[in-house]
Amino acid sequence: MIKIYNTLTRRKEVFTPLAGDSVRMYVCGVTVYDLSHVGHARSAIVFDVIRRYLALCGYQVRFVKNFTDVDDRIIRRASEEGVPAAVISERFIEEYRRDMAALGVAAADAEPKATEHIAAMIELIERLIAKHVAYRVDGDVYFEVRRFPGYGKLSGKKLEELLAGIRVEVDERKRDPLDFALWKASKPGEPVWESPWGPGRPGWHIECSAMSMHYLGESFDIHGGGEDLIFPHHENEIAQSEAATGRPFSRFWIHNGFVNLGSEKMSKSLGNVRRVRELVHDHDPEAIRLSLLGAHYRHPLEFSEERIGEARRGLDRFRTLFDAADRLASRGAPAPGSAGGLVDELASLRERFTASMDDDFNTPQAIAALFDMASALHAYHAALEKGDRPTGPFLIGVDEVLTLGRVLGLFEKTSEAAGPPGEILERIEKLVRARDDARARRDWRTADALRAELQALGATTEDTPHGTRSPGMAPARPASERCVDSPERRVVP
RNA sequence: GGCGGCAUAGCCAAGUGGUAAGGCGAGGGUCUGCAAAACCCUUAUUCCCCGGUUCGAAUCCGGGUGCCGCCUCCA
């Protein structure tokens with residue numbers, strides 16, 4: 001039984017889809033005018049995990065995430081660069097996809113662009129005009145907020161309070177300062193579409209109503225996005241959608257909290273953004289994921305590079321487990337013996353994992369259960385190495401950690417992916433061999449000197465009974481954690 | 001000004017009435033030629049402050065302090 005905090009009711013509610021086992025969810029994506037930052041990453045990862053978990057629970061999830069590709073900022077950037085707006089939006093759609101793929105965020109089932117659904121928007125606006133909840137002024141069309149009785153129900157605001165809070169210049173042509181644009185008459189040089197009200201372009205909010213209804217129907221299960229979208233974007237979506245259809249729009253509204261930098265909201269206007277592009281270059285993407293899932297999705301998250309380093313070190317606890325399992329699996333010949341309490345312990349931890357996820361997707365708690373599973377398995381592994389425990393339960397247990405972790409998008413790769421570039425790898429291998437020789441001669445002085453050299457290259461050494469391993473011959477830590485003049489730092493993506 | 005949220009160990013962070021998860025760090029131990037890595041153990045009598053309710057409060061109520069968000073484009 002999954003409980004979800006619904007912004008609309010301000011309560012956790014038991015989640016049941018509108019139709020059988022199928023879940024239809026829509027998440028507001030990004031406006032594609034620049035590279036993504038950590039805040040976008042958090043939102044994408046949060047909804048990626050929600051989607052994965054719903055799928056794990058047996059739901060058929062239809063997941064739609066849009067791209068806003070008509071927007072003032074896109075137009076501004078296009079004119080700065082002297083290219084059509086579509087060039088800018090296409091570029092940043094590709095960049096977004098590249099960043100999110102790097103973070104292990106799965107593509108949505110549909111990723112529509114606003115510009116592909118102008119006709120549906122026009123149709124929706126016509127319905128609103130026909131119902132007298134929207135009106136024309138010159139070439140613009142506005143939604144008349146006072147005609148929709150439920151206005152403010154999502155954000156918990158009253159019209160009077162909103163009016164009192166207005167701080168921007170009011171367009172005198174509007175019937176009410178809170179009325180918002182459904183359609184804007186075009187200005188010279190802007191992208192333009194023909195409409196019954198003359199040439200123009202859609203307002204921001206109408207696209208999500210049109211696209212969500214197009215892909216998911218007039219009523220669907222979940223609508224999500226960052227908490228800053230609650231007002232006005234989602235409030236307006238509800239107003240225009242429900243006014244047009246006369247039916248409830250989305251059942252559940254899920255909003256993720258912000259990423260803070262030094263206890264301040266990360267935003268472009270504050271100039272304190274960290275881009276995903278730099279981050280995935282400097283850090284293990286799974287460590288980024290783990291650190292972003294380390295706080296509950298609705299709470300603000302304190303971001304720093306240091307947090308990612310910590311997450312990376314936490315990840316090692318799992319990776320050593322996977323390595324141990326790989327070695328055991330290839331060795332075969334399970335030893336006889338009792339599994340002790342391992343099976344029961346893992347079963348109860350698995351239950352804790354799902355109970356945590358069931359409770360409004362409490363990933364920090366679910367991750368804690370995962371760490372406890374790792375501890376139990378490591379302890380078991382120690383006994384196993386002494387030969388008095390069977391391998392079967394261990395391998396099954398590790399596999400289970402892997403399965404649960406993948407719900408969070410973790411453990412997709414069980415060891416370091418990209419190693420250092422070829423010529424450095426060669427040097428490392430040469431040094432490791434030389435050091436092995438020295439150790440065989442019990443020439444500790446030379447061996448230690450070679451180890452120091454290896455460390456300067458960012459390579460760790462691990463002495464085993466079978467000789468030195470420098471795991472995968474890959475750096476044990478991301479470049480940014482190593483000393484400043486480590487050569488890998490110069491590598492360009 | 002209006003509305004909302006948060007305050008838990010050195011740091012990050014769960015926990016919303018039954019006696020403080022988890023991670024990082026730190027200290028000790030095992031292993032090792034010495035290390036590293038890994039593993040094991042320890043690490044908050046106490047949850048911003050003051051009152052109250054209760055057999056029992058980090059959790060509920062009242063008051064205070066501090067921080068943050070939304071009301072404007074924003075994940």
Side-chain angles (χ1 to χ4, degrees), chain A residues 10 27-31 33 36-47 68 71-73 152 155-158 160-169 178 204 224-233 235 255-260 263-270 273 290-291 294-296 298-304 306-317 319-321 323-324 352 356 359 362-372 374-375 377-379 381-383 385 439 442-445 447-448 451-452 454-455 460-465 468-471 476:
Chain A
R10 274 148 239 279
V27 170
C28 288
V30 289
T31 301
Y33 71 102
S36 313
H37 63 248
V38 190
H40 300 123
R42 183 186 194 190
S43 184
I45 288 170
V46 161
F47 288 104
T68 297
D71 172 84
D72 288 345
R73 290 158 298 176
S155 53
K157 293 177 190 302
K158 298 186 183 75
E160 292 65 34
E161 290 164 0
L162 285 167
L163 280 170
I166 281 181
R167 286 183 268 148
V168 283
E169 209 175 307
L178 293 168
W204 173 34
E227 67 178 2
D228 53 340
L229 298 180
I230 295 171
F231 190 89
H233 185 53
E235 193 69 66
H255 294 96
N256 67 275
F258 280 121
V259 175
N260 290 158
S263 82
E264 229 179 11
K265 169 184 169 180
M266 183 180 297
S267 85
K268 296 236 170 78
S269 48
L270 292 169
V273 296
L290 184 61
S291 79
H296 185 88
R298 283 193 281 117
H299 293 179
L301 180 139
E302 195 55 47
F303 177 82
S304 77
E306 207 185 334
R307 293 289 91 73
I308 300 177
E310 288 170 6
R312 165 63 226 231
R313 290 187 284 278
L315 223 39
D316 284 340
R317 276 173 72 72
R319 291 185 176 160
T320 55
L321 202 58
D323 285 348
R352 218 170 85 202
S356 300
D359 184 13
N362 192 329
T363 54
Q365 219 164 53
I367 289 166
L370 239 34
F371 272 104
D372 283 345
S375 286
L377 285 159
H378 271 129
H381 182 250
E385 289 284 85
R439 290 188 72 241
R442 308 183 70 79
D443 178 359
W444 310 127
R445 182 185 288 267
D448 289 351
R451 178 165 61 205
L454 278 161
Q455 273 163 357
T460 58
T461 53
E462 189 178 336
D463 298 335
T464 74
T468 302
R469 281 197 315 166
S470 187

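Every chain is numbered from 1, with letters handed out A, B, ... down the list of sequences.
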In terms of the nearest nucleotide of RNA chain B, which residue is placed more toward the 5' end: A311(A) or G156(A)? G156(A)
Whole-angstrom distance between G23(B) and C31(B), as gauged at atom C1': 24 Å
Within 6.0 angstrom of R445(A) CZ, more than 12 heavy atoms from elsewhere: no
According to a strict under-4.0 Å criterion, is R445(A) in side-chain N/O contact with OP1 or OP2 of C34(B)? no
Which heavy atom in F231(A) sits nearest to a heavy atom in S155(A), and how many Å separate them? CD1-OG, 3.5 Å
Please measure how far the C1' atom in G5(B) lies from the corresponding atom in A9(B), and state the result in whole Å. 24 Å
Once base and sugar-phosphate atoms are separated, protein heavy atoms under 4.0 Å mark nucleotides 14-21 of chain B, 5' to 3', with B, S and - as SS-----B
In whole angstroms, how far is the P atom of C71(B) from the NZ atom of K158(A)? 18 Å
Could you list the residues that satisfy side-chain hydrogen bond (donor to acceptor under 3.5 Å, both in side chains) with H233(A), not counting sequence neighbours? H205(A), E237(A)
Suppose we screen for side-chain hydrogen bond (donor to acceptor under 3.5 Å, both in side chains). Which residues come up paired with D372(A), at least two apart in sequence or across chains? R352(A)
Checking S375(A) now: which residues fulfil side-chain hydrogen bond (donor to acceptor under 3.5 Å, both in side chains) with it, not counting sequence neighbours? R317(A)
Regarding S356(A), tell me which of base, sugar-phosphate or nothing describes its non-hydrogen contacts under 4.0 Å with the strands shown. nothing
Categorize G226(A) for me: base, sugar-phosphate, or nothing, with a 4.0 angstrom heavy-atom threshold over every strand shown. sugar-phosphate
In whole Å, what separates the P atom of U54(B) from that of C70(B)? 41 Å
Pair D71(A), T31(A): side-chain N/O donor-acceptor within cut-off below 3.5 Å: no
Are R313(A) and E310(A) close enough for a salt bridge, meaning some N to O gap below 4.0 Å? no
Could you tell me how far apart R307(A) (CZ) and G25(B) (P) are, to the nearest whole angstrom? 12 Å
Hey, does R298(A) reach any base, or is it just sugar-phosphate, or nothing, if we go heavy atoms under 4.0 Å? nothing
With no angle test and no hydrogens, is the base of G23(B) tied to the side chain of D316(A) by a donor-acceptor pair under 3.5 Å? no
Sugar-phosphate only, base, or nothing, as touched by V38(A) at under 4.0 Å among non-hydrogen atoms: nothing
Applying the 5.5 Å / 30° rule, does F371(A) stack onto the base of G22(B)? no
Pick base, sugar-phosphate or nothing for E306(A), based on heavy-atom distances below 4.0 Å to the nucleic acid. nothing
Which whole number of Å gives the distance between the P atom of G66(B) and that of A38(B)? 44 Å
Taking NZ from K157(A) and C1' from G1(B), how many angstroms apart are they, rounded to a whole number? 13 Å
When you measure only distances, ignoring hydrogens and angles, does the side chain of R451(A) come within 3.5 Å of the base of A35(B) through a donor and an acceptor? yes
When rounded to the nearest Å, what value does the distance between C1' atoms of C68(B) and C48(B) take? 15 Å
H381(A)/H378(A) aromatic ring centres below 6.0 Å: no
Heavy atoms of S291(A) and L301(A) approach each other most closely as O-CD1, 3.7 Å
Using atom C1' in both nucleotides, what's the gap between U19(B) and U45(B) to the nearest angstrom? 10 Å
P-based separation of A57(B) from G18(B) [nearest Å]: 12 Å
Between E302(A) (CD) and A13(B) (P), how many Å, whole number? 6 Å
Please work out if G29(A) contacts a base, only the sugar-phosphate, or nothing of the nucleic acid, heavy-atom cut-off 4.0 Å. sugar-phosphate
Distance in angstrom units between F258(A) CZ and C73(B) C1', rounded: 12 Å
Intra- and inter-strand pairs of RNA chain B in dot-bracket (Watson-Crick or G-U wobble, both distances under 3.5 Å; | for another strand): ((((((((.[[[..)..(...]]]((((((.......))))))....[[[[[..)....]]]]])))))))....
Which whole-number value in Å describes the distance from D448(A) CG to A36(B) P? 12 Å
Rounded P spacing from C60(B) to U16(B) in Å: 9 Å
side-chain hydrogen bond (donor to acceptor under 3.5 Å, both in side chains) involving T68(A) - partner list, sequence neighbours excluded: N66(A), E207(A)
